[in-house]
Structures are given as C-alpha cells and as structure tokens.
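Okay, so here's the structure we're looking at.
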Amino acid sequence: MVKNWSKKDLHERLLEVRDELNRMAAVKCRMAHERVLIDPQTKLPVAGISPEMEFRRRDLCPAAKRNTNLACSHTMARYCMAEALDVLEQTGNNRADWRAELDNLNNLIYRLDRRKSDAEKQSAQIVKNLSEAEENIKKILLIEQNSINGQIAVIERDHNNCVERIEILKHKILAALDSVI
C-alpha cells in the first residue's frame, strides 16, 4: 500500500498506529468460546437451537475484549498489526518477513479455531453417548474421550504458542515504530 504522506502526516500516523498497537494484547484464552456448555444437573451437553448447532457453546468474549485480543480467532485486532506494517513501509522499513509471519499466524489461528470446534463437538457427542451406552461400549467411548481430550490439549498448546509468537511480533513492530518516530 503506497501513499504519499507528508512528513508531518506520516509522523502522526506512526504515533497513532503505535498507540493503537500498544493497547493490544495477546491473551491465552484457550479458545474458550468453543467449549460446549454442560448442564450442571444432568452433566450432559446442552442441546443447541438447531440441527446445525447440535450443542450450545459458551458465548464469545465481549466485543471490547475481542477487539484488543491479537490472538482471538474472532477479532479484527490483527489488522492493526498489518496497518502498522503498512505505515512502516512508508518509512522504507519493509519487513516482508514480519508480514509473512502475521499472515501465517492469522491462518494458523483460524485453523486451530476450526479444529477446536470439531474436537469439542466430538467430545460432547461422546459424553452424550456415554449416558445411553451399555457397559461394554462405555469402555470404548472412554478411550475415544481420552483421545479427544488429548487432541484438545494439543490444540490449546498450539494456540498458546501462537499467542507467544504474536506477542513477540507485536514488540518487534513496536520497536521498529519507535525507531522511526
């Protein structure tokens, strides 16, 4: 994105994107919004409102929180990082490697969100099936449940890794902004 900024306008924009990026954080939320709600009395997954939504999930974080969480899969916050890279480019500081890392993290977070959603649905289905299964089938379902729980743990660990990588990238961008302001 090439713009013809005056020195004053560019300096002001650098300050704005730095301040905006400073307000952002990467939070290790473990993509909690994908968790299926469990009825505290029956210990069974809460049914969804439609066939497409078989189970109810936790609500998304409030918009104000999502809007500043760089690691959320349902945020626009990472666009702030991309914009900061665009403005840095206007100063001759072209960091294609940082942009590639940001794109990679964007894609990875979206894929992890999808995988977590699928794994949580599978887990809820197993819990539901366990309540209706005969004893010999319950053992098989419990083995499946342990496997799914392991998959969920790996997904959450991978998301935590993305959080750390995004936080590092944020600080690299902030340092680059500070160096040209």
Side-chain angles (χ1 to χ4, degrees), residues 16-50 52-86 88 95 97-128 130 142 144-177:
E16 287 171 2
V17 295
R18 183 192 63 189
D19 290 346
E20 187 177 356
L21 188 54
N22 256 329
R23 288 191 297 274
M24 305 290 170
V27 178
K28 290 184 178 181
C29 65
R30 300 170 65 197
M31 296 177 287
H33 68 279
E34 293 297 348
R35 290 191 194 118
V36 171
L37 296 177
I38 301 293
D39 184 297
Q41 293 173 336
T42 66
K43 307 292 187 225
L44 293 172
V46 176
I49 56 175
S50 69
E52 297 83 31
M53 191 177 136
E54 188 174 356
F55 304 110
R56 280 213 39 222
R57 310 255 182 178
R58 288 183 54 175
D59 292 335
L60 291 174
C61 295
K65 202 173 185 182
R66 273 193 327 270
N67 292 342
T68 60
N69 183 358
L70 293 167
C72 178
S73 52
H74 300 274
T75 188
M76 300 294 280
R78 286 183 299 281
Y79 285 106
C80 173
M81 294 177 84
E83 186 172 357
L85 290 171
D86 290 342
L88 274 172
R95 294 308 306 250
D97 55 333
W98 292 354
R99 191 172 301 278
E101 172 74 347
L102 180 58
D103 290 344
N104 183 41
L105 287 165
N106 260 331
N107 292 331
L108 188 54
I109 289 169
Y110 291 131
R111 285 194 316 267
L112 288 170
D113 183 69
R114 187 78 237 134
R115 285 178 44 212
K116 175 101 189 264
S117 174
D118 292 344
E120 291 286 354
K121 281 189 272 189
Q122 289 175 327
S123 177
Q125 188 62 55
I126 290 170
V127 169
K128 183 179 169 187
L130 272 167
L142 288 171
E144 286 181 28
Q145 184 67 46
N146 285 337
S147 174
I148 295 294
N149 289 343
Q151 290 174 34
I152 290 170
V154 167
I155 292 165
E156 290 174 351
R157 182 203 67 212
D158 290 349
H159 183 260
N160 284 346
N161 181 269
C162 287
V163 171
E164 292 166 7
R165 287 170 58 192
I166 273 197
E167 195 64 32
I168 290 167
L169 182 58
K170 171 191 163 181
H171 288 289
K172 286 178 180 178
I173 294 170
L174 286 170
L177 288 167

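Residue Asp59 comes nearest to His33 through the heavy atom pair O-CB, 3.9 Å, listed as atom of the first residue, atom of the second, then distance. Cys80 approaches Val17 most closely through the heavy-atom pair SG-O, 4.4 Å. The minimum heavy-atom distance linking Ile152 with Ala119 is given by the pair CG1-CB, 3.6 Å. The two residues Lys128 and Phe55 have their closest heavy-atom pair at CD-CE2, 4.2 Å.
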Self-check item: Evaluation steps, side chain to side chain contact (heavy atoms under 4.5 Å, CB included), between Gln151 and Gln122
Solution: CA-CA 11 Å; Gln151 290 174 34; Gln122 289 175 327; 4.3 Å; yes
Exercise. Begin from the C-alpha positions of Gln125 and Glu54 and carry the test side chain to side chain contact (heavy atoms under 4.5 Å, CB included) through to its verdict.
Key: CA-CA 9 Å; Gln125 188 62 55; Glu54 188 174 356; 2.6 Å; yes
Practice problem: In sequence, state the C-alpha distance, the side-chain angles, and the governing distance for Leu112 and Arg115, and then conclude on side chain to side chain contact (heavy atoms under 4.5 Å, CB included). | Solution: CA-CA 5 Å; Leu112 288 170; Arg115 285 178 44 212; 3.5 Å; yes
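Contact check on Asp39 versus Arg56 returns no salt bridge, with no Lys/Arg side-chain nitrogen under 4.0 Å from an Asp/Glu carboxylate oxygen. Under 4.0 Å is where a charged nitrogen must lie from a carboxylate oxygen, and between Asp118 and Lys121 at least one such pair does.
In Arg18, the CZ atom is crowded: over 12 heavy atoms of neighbouring residues, nucleotides or ligands sit closer than 6.0 Å. Residue-environment remark: OH (Tyr110) exceeds the threshold of 12 foreign heavy atoms within 6.0 Å.
In this structure, the side chains of Arg30 and Arg35 come closer than 4.5 Å at one or more pairs of heavy atoms. Contact annotation: the side chain of Leu177 approaches that of Leu88 to within less than 4.5 Å [non-hydrogen atoms, C-beta and beyond]. Between Leu37 and Pro45, every side-chain heavy-atom pair lies at or beyond the 4.5 Å cut-off.
Separating the CD atom in Glu34 from the OG atom in Ser123 is a distance of 13.0 Å, to the nearest 0.5 Å. Between Leu130 atom CG and Lys43 atom NZ the span is 15.0 Å, to the nearest 0.5 Å. Put simply, CG on Leu102 and CG on Asn107 are 9.5 Å apart, with the number rounded to the nearest 0.5 Å.
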Side-chain polar contacts of residues 62-70 - donor-acceptor pairs under 3.5 angstrom, sequence neighbours left out - could you list them?
| from | atom 1 | to | atom 2 | distance (Å) |
| --- | --- | --- | --- | --- |
| Arg66 | NE | His74 | O | 3.3 |
| Arg66 | NH1 | Cys61 | O | 2.3 |
| Asn67 | ND2 | Ala63 | O | 3.1 |
| Thr68 | OG1 | Lys65 | O | 3.2 |
| Asn69 | OD1 | Val27 | N | 3.1 |
| Asn69 | OD1 | Ala71 | N | 2.9 |

List, one per line, each side-chain donor-acceptor pair under 3.5 Å for residues 164-171, sequence neighbours excluded.
| from | atom 1 | to | atom 2 | distance (Å) |
| --- | --- | --- | --- | --- |
| Glu164 | OE2 | Lys28 | NZ | 2.6 |
| Arg165 | NE | Glu101 | OE2 | 3.0 |
| Arg165 | NH2 | Glu101 | OE1 | 3.0 |
| Arg165 | NH2 | Glu101 | OE2 | 3.3 |
| Glu167 | OE1 | Ala26 | N | 3.2 |
| Glu167 | OE2 | His171 | NE2 | 2.9 |
| Lys170 | NZ | Met24 | O | 2.4 |

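For the residue pair Ser73/Arg114, the side-chain donor-acceptor check at 3.5 Å is not satisfied.
Scored by the salt bridge (Lys or Arg N to Asp or Glu O under 4.0 Å) test, Asp103 finds no partners at all (sequence neighbours excluded).
Under the side chain to side chain contact (heavy atoms under 4.5 Å, CB included) rule, Met81 has a single partner from Asn106, Leu174, Ile173, which is Ile173.
Checking side-chain atoms of Arg57 against main-chain N and O of Ser117 turns up a donor-acceptor pair under 3.5 Å.
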